[in-house]
Amino acid sequence: MVISFLQYYYKNYYSNNDIVGTLKISGTKINTLLVQGSDNEYYLNHTISKKKSSVGSIYVDYRTNLDAKQINIYGHNSKAVKLMFNELEKYRSKDFYENHKTIELYDGTKTSIYEIFSIQIVSNDYEHYDVDADDWIKHIDTLNNSIYTTNTKATPEDEILIIQTCLYNPVNSLLLINAKKV
């Protein structure tokens with residue numbers, strides 16, 4: 001992969017070769033660098049500067065890349081501390097969704113635009129990543145189940161982006177923002 005000047009700069013600035021791109025949701029506070037480690041544990045409690053922190057980083061699932069059929073991005077939410085992904089809770093409101101439907105994902109060479117098709121609140125044991133090809137149609141149907149009608153649906157042909165954070169109400173739940181590439 002060719003890296004951009006921006007990625008080269010940040011990789012040097014943070015001394016971190018795990019920087020893979022950026023995530024931006026217009027009209028929100030979400031505009032951040034993305035990292036990707038060799039597992040999904042490290043960046044749960046390490047910053048982009050690789051310093052230990054309970055805040056962690058916003059990161060791409062280690063089992064994928066930014067041009068995969070499905071990309072999962074994770075980040076912490078908190079009741080006690082202001083974090084970037086606290087903003088995702090606003091998607092519980094359809095009015096907020098109506099004004100913030102698109103997500104930009106930059107991989108170092110190009111920006112891809114995704115349109116949100118569903119908002120889900122699921123239990124923390126809900127499996128939305130491990131999908132084998134035989135179940136892809138069922139998987140997409142499941143992802144289309146939104147907490148409110150969006151008038152946008154994903155199809156098995158779509159490339160999918162899932163942004164995930166934890167929720168505290170209901171207890172032990174996850175908030176999924178599901179989008180498809182346009």
Side-chain angles (χ1 to χ4, degrees), residues 1-40 42-44 46-50 56-77 83-88 90-91 96-120 128-133 136-137 139-140 143-144 146 150-165 175-182:
M1 172 194 287
V2 175
I3 65 168
S4 69
F5 172 77
L6 186 66
Q7 282 181 298
Y8 176 78
Y9 170 80
Y10 284 118
K11 285 182 179 202
N12 285 323
Y13 181 82
Y14 289 107
S15 298
N16 188 342
N17 286 324
D18 292 344
I19 296 170
V20 294
T22 62
L23 175 72
K24 180 179 180 183
I25 302 177
S26 296
T28 72
K29 296 175 185 170
I30 299 172
N31 187 358
T32 186
L33 291 168
L34 295 169
V35 289
Q36 184 177 34
S38 59
D39 59 40
N40 285 339
Y42 183 80
Y43 284 108
L44 277 173
H46 286 83
T47 67
I48 201 163
S49 300
K50 295 190 172 188
S57 295
I58 296 175
Y59 63 96
V60 178
D61 192 297
Y62 78 99
R63 298 169 286 189
T64 188
N65 57 55
L66 294 184
D67 61 1
K69 182 82 169 164
Q70 178 173 311
I71 304 163
N72 287 41
I73 297 175
Y74 310 108
H76 285 301
N77 186 9
L83 299 175
M84 196 174 303
F85 270 19
N86 290 74
E87 191 97 0
L88 294 176
K90 293 179 181 177
Y91 278 104
F96 185 82
Y97 156 78
E98 291 291 345
N99 294 302
H100 306 89
K101 293 180 182 182
T102 58
I103 300 168
E104 295 177 28
L105 187 62
Y106 177 67
D107 69 2
T109 59
K110 70 182 178 322
T111 299
S112 297
I113 306 298
Y114 291 81
E115 180 180 6
I116 297 170
F117 65 86
S118 76
I119 310 299
Q120 295 182 302
H128 55 280
Y129 185 83
D130 290 329
V131 185
D132 63 41
W136 186 250
I137 293 170
H139 175 65
I140 295 299
L143 291 178
N144 275 316
S146 184
T150 64
N151 295 322
T152 302
K153 296 288 183 197
T155 69
E157 292 76 35
D158 288 319
E159 294 177 40
I160 304 298
L161 171 66
I162 299 176
I163 301 174
Q164 173 188 309
T165 195
L175 176 65
L176 305 180
I177 310 299
N178 302 320
K180 66 180 187 173
K181 193 173 188 179
V182 293

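Because only heavy atoms are used, hydrogens play no part in the values below, and waters and symmetry mates are left out as well, while side chains stay in.
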Which atom names give the shortest non-hydrogen contact between Asp67 and Ile71, and what distance separates them? N-CD1, 4.4 Å

How long is the straight-line distance from NZ of Lys110 back to CG of Leu105, given to the nearest 0.5 Å? 8.5 Å

Would you compute the distance between atom OG of Ser118 and atom CD1 of Ile160 and round it to the nearest 0.5 angstrom? 8.5 Å

Please enumerate all residues that pass side chain to side chain donor-acceptor pair (under 3.5 Å) together with Glu104, with sequence neighbours excluded. none

Do you know which two heavy atoms are closest between Ser112 and Lys181, and how far apart they sit? OG-CE, 3.3 Å

Separation of Thr22 OG1 from Ile58 CD1 (nearest 0.5 Å): 11.5 Å

Test item: His46 side-chain N/O and Ser57 main-chain N/O as donor-acceptor pair under 3.5 Å: no

Return yes if a side-chain donor-acceptor contact under 3.5 Å exists between Tyr42 and Asp18, otherwise no. no

Distance from Asp39 atom CG to Arg63 atom CZ, nearest 0.5 Å? 10.5 Å

Quick one: which of Ile163, Leu161, Asn178 gives a side chain to side chain contact (heavy atoms under 4.5 Å, CB included) with Tyr114? Leu161

Quiz question: by atom type and distance under 3.5 Å, do the side chains of Glu115 and Thr152 form a donor-acceptor pair? yes

Candidate pair Leu88 and Asn77, rule side chain to side chain contact (heavy atoms under 4.5 Å, CB included), full reasoning: CA-CA 9 Å; Leu88 294 176; Asn77 186 9; over 6 Å; no

For the side chain of Thr165 and the backbone of Gly75, is there at least one donor-acceptor N/O pair under 3.5 Å apart? yes

Kindly assign one of parallel, tilted or perpendicular to the pair Tyr13 and Tyr10, based on the angle between their ring planes and the thresholds 30° and 60°. perpendicular

So do the side chains of Ser49 and Tyr14 get within less than 4.5 Å of each other, counting heavy atoms only? yes

Would you say the side chain of Asp61 lies within less than 4.5 Å of the side chain of Ile162, judging by non-hydrogen atoms? no

Give a yes or no on this: more than 12 heavy atoms of other residues, nucleotides or ligands lie within 6.0 Å of atom NZ of Lys29. no

Spacing of CG belonging to Leu23 relative to OH belonging to Tyr59, to within rounding of 0.5 Å: 14.0 Å

Of all the heavy-atom pairs spanning Gln36 and Tyr43, show the shortest one and how long it is. C-CE1, 4.2 Å

Within the structure provided, determine whether Asn16 and Val35 are in side-chain contact (heavy-atom separation under 4.5 Å). yes

Test your reading of the model: is there a side-chain donor-acceptor pair from Thr64 to the backbone of Gln70, 3.5 Å cut-off? yes

Spatial distance of atom CG (Leu176) from atom CG (Leu143) [nearest 0.5 Å]: 7.5 Å

Donor-acceptor pair, Asp107 side chain versus Gly21 backbone, under 3.5 Å? no

Check whether any side-chain heavy atom of Phe117 lies under 4.5 Å from a side-chain heavy atom of Lys153, and answer yes or no. no

Do Glu157 and Thr155 get their side chains close enough for a donor-acceptor pair, meaning under 3.5 Å? yes

For Glu87 and Gly27, the nearest pair of non-hydrogen atoms, with its separation, is OE2-O, 4.4 Å

With Ile116, which residues qualify under side chain to side chain contact (heavy atoms under 4.5 Å, CB included), at least two apart? Tyr91, Tyr97, Ile103, Ile119, Ile177, Ala179

Does a side-chain heavy-atom distance below 4.5 Å link His76 with Leu44? yes

